[in-house]
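Count residues from 1 along the sequence.
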Amino acid sequence: MPASNWTLHSQLKKDTIDIGDLPLSKVLVIKDAHYPWLLLVPRRDNAVEIIDLDEVEQAQLMTEVSRVARALKEITKCDKLNIAALGNLVPQLHVHVIARRTSDAAWPRPVWGVMPPLAHDAEEVQNFISALRRKIWLG
């Protein structure tokens, strides 16, 4: 059960589109059309690091990251997946799952700070979200 006091960090709420909940994590799409970019945020109060989760929750998080990463790779046909839990600016534990292409604006560097965020086309992002929700069993 999610912690009753858990809320999504305000910066993550501002920067994302909520697409649903897996057993442990809220799944979000980053509002940046430069990259197919997802976040998984474990719904656990005061979790900053992966080690703040108990071992069962850590295993569940890895299962969810793998499920989402497989779906993202299949949907986007990307060249590489970047998966990271940094949290340098937002302390709430969250895992980035980013589909990368050798042709993207930041390749081969990390995506942070390379380009200002690009707004999604409403229809394209809804099609992406629908495909993703089907692949990761959210709907």
Side-chain angles (χ1 to χ4, degrees):
M1 291 290 293
S4 60
N5 294 337
W6 186 88
T7 58
L8 184 63
H9 188 281
S10 60
Q11 189 65 49
L12 297 182
K13 193 177 288 191
K14 177 179 161 272
D15 292 345
T16 62
I17 302 164
D18 184 348
I19 66 167
D21 291 337
L22 293 171
L24 176 65
S25 304
K26 181 166 284 303
V27 183
L28 307 161
V29 175
I30 291 283
K31 293 178 182 175
D32 186 352
H34 286 296
Y35 320 96
W37 185 347
L38 305 174
L39 289 183
L40 279 77
V41 186
R43 294 182 311 280
R44 293 297 181 265
D45 208 24
N46 300 317
V48 175
E49 307 292 349
I50 291 172
I51 59 172
D52 294 336
L53 303 175
D54 67 33
E55 290 180 357
V56 172
E57 292 169 332
Q58 290 175 30
Q60 180 64 35
L61 177 60
M62 294 315 302
T63 297
E64 292 177 5
V65 166
S66 296
R67 181 189 302 173
V68 167
R70 266 190 225 95
L72 186 61
K73 186 168 188 168
E74 189 174 326
I75 291 166
T76 65
K77 310 293 189 227
C78 63
D79 298 313
K80 178 75 175 96
L81 290 169
N82 289 176
I83 300 173
L86 301 173
N88 294 342
L89 296 177
V90 174
Q92 184 172 52
L93 176 58
H94 59 285
V95 179
H96 298 264
V97 183
I98 310 166
R100 300 294 307 275
R101 293 190 178 87
T102 56
S103 61
D104 74 40
W107 186 266
R109 299 173 311 279
V111 297
W112 290 274
V114 174
M115 302 285 290
L118 176 66
H120 286 285
D121 173 82
E123 184 177 346
E124 284 180 19
V125 77
Q126 283 310 312
N127 289 341
F128 172 68
I129 289 169
S130 293
L132 191 62
R133 286 178 58 84
R134 281 191 301 276
K135 291 276 184 204
I136 61 174
W137 312 316
L138 285 175

Query raised in the report: Should Pro36 and Arg101 count as side-chain neighbours, where that means a heavy-atom distance under 4.5 Å?
Result: yes
Report task. Would you confirm whether Asp79, through its side chain, and Thr102, through its main-chain N or O, come within 3.5 Å as a donor-acceptor pair? Result -> yes
Query raised in the report: Measuring from Leu12:CG to Ile30:CD1, what's the distance to the nearest 0.5 Å?
Result: 7.0 Å
Query raised in the report: Can you list the steps and then say if Phe128 with Leu72 is a side chain to side chain contact (heavy atoms under 4.5 Å, CB included)?
Result: CA-CA 9 Å; Phe128 172 68; Leu72 186 61; 3.6 Å; yes
Query raised in the report: Do Leu89 and Gln11 have side-chain heavy atoms sitting under 4.5 Å apart?
Result: no
**Report entry** Nearest heavy atoms of His9 and Gln92, plus distance in Å
**Finding:** N-OE1, 2.8 Å
Report summary line: Interatomic distance, CG@Leu38 vs OG@Ser25, rounded to 0.5 Å, equals 12.0 Å
Query raised in the report: Are Val41 and Thr16 side-chain neighbours, meaning at least one heavy-atom pair lies under 4.5 Å?
Result: no
**Report entry** Heavy-atom check, side chain of Leu8 versus side chain of Asp18, under 4.5 Å
**Finding:** no
Query raised in the report: Distance-only, no hydrogens or angles: does the Arg44 side chain make a donor-acceptor pair with backbone N or O of Asp54 under 3.5 Å?
Result: no
Report task. Measure the shortest side-chain to side-chain distance between Lys13 and Thr7 over non-hydrogen atoms and say whether it is less than 4.5 angstrom. Result -> no
Query raised in the report: Run the side chain to side chain contact (heavy atoms under 4.5 Å, CB included) check on Val125 and Lys31 step by step: do they pass?
Result: CA-CA 9 Å; Val125 77; Lys31 293 178 182 175; over 6 Å; no
Query raised in the report: Same hydrophobic cluster for Ile83 and Val48, using side-chain heavy-atom links shorter than 4.5 Å among ILVMFWY?
Result: no
Requested in this report: With sequence neighbours excluded, give me every ring pair (Phe, Tyr, Trp, His ring centres under 6.0 Å) pair touching residues 42-88.
Outcome: none
Requested in this report: Inspect the contact between Arg43 and Asp21 and indicate whether a charged nitrogen and a carboxylate oxygen are less than 4.0 angstrom apart.
Outcome: yes
Requested in this report: Examine distances only and state if a side-chain atom of Glu64 and a backbone atom of Leu24 form a donor-acceptor pair shorter than 3.5 Å.
Outcome: yes
Query raised in the report: Is any side-chain heavy atom of Val29 less than 4.5 Å from a side-chain heavy atom of His120?
Result: yes
Requested in this report: Considering non-hydrogen atoms only, spot the tightest contact between Ala33 and Ala119 and give its length.
Outcome: CB-O, 3.7 Å
**Report entry** For Ala71 against Ile136, the heavy-atom pair lying closest together
**Finding:** CB-CG2, 3.6 Å
Requested in this report: Please check if the side chain of His94 supplies one atom and the backbone of Leu86 the other of a donor-acceptor pair under 3.5 Å.
Outcome: no
Requested in this report: Could you check Val90 against Asp15 for side chain to side chain contact (heavy atoms under 4.5 Å, CB included), going step by step and ending with a plain yes or no?
Outcome: CA-CA 11 Å; Val90 174; Asp15 292 345; over 6 Å; no
**Report entry** Residues which pass ring-ring contact (aromatic ring centres under 6.0 Å, His included) with Trp112, listed by chain and number, not counting sequence neighbours
**Finding:** Trp37, His96
Query raised in the report: Checking Trp6 side chain against Pro42 main chain: does a donor-acceptor pair fall under 3.5 Å?
Result: yes
Requested in this report: Tell me, please, which residues at least two apart from Lys80 pass side chain to side chain contact (heavy atoms under 4.5 Å, CB included).
Outcome: Asn82, Arg100, Trp107
Requested in this report: Calculate, to the nearest 0.5 Å, the distance between atoms OG1 and CG belonging to Thr76 and Leu132 respectively.
Outcome: 10.0 Å
Report task. Begin from the C-alpha positions of Gln58 and Ile50 and carry the test side chain to side chain contact (heavy atoms under 4.5 Å, CB included) through to its verdict. Result -> CA-CA 7 Å; Gln58 290 175 30; Ile50 291 172; 4.0 Å; yes
Query - Leu118 to Asp32 - nearest heavy-atom pair and separation - result: N-OD1, 3.1 Å
Query raised in the report: Can you name the closest pair of heavy atoms from Leu81 and Ala69 and give their distance?
Result: CD1-O, 3.7 Å
Query raised in the report: Any donor-acceptor pair under 3.5 Å linking the side chain of Asp52 with the backbone of Glu49?
Result: yes
Query raised in the report: If you group Ile, Leu, Val, Met, Phe, Trp and Tyr by side-chain heavy-atom gaps below 4.5 Å, do Leu93 and Met62 land in one group?
Result: no
Query - Non-hydrogen atoms of Ala105 and Tyr35 that approach each other most closely - result: CB-OH, 4.1 Å
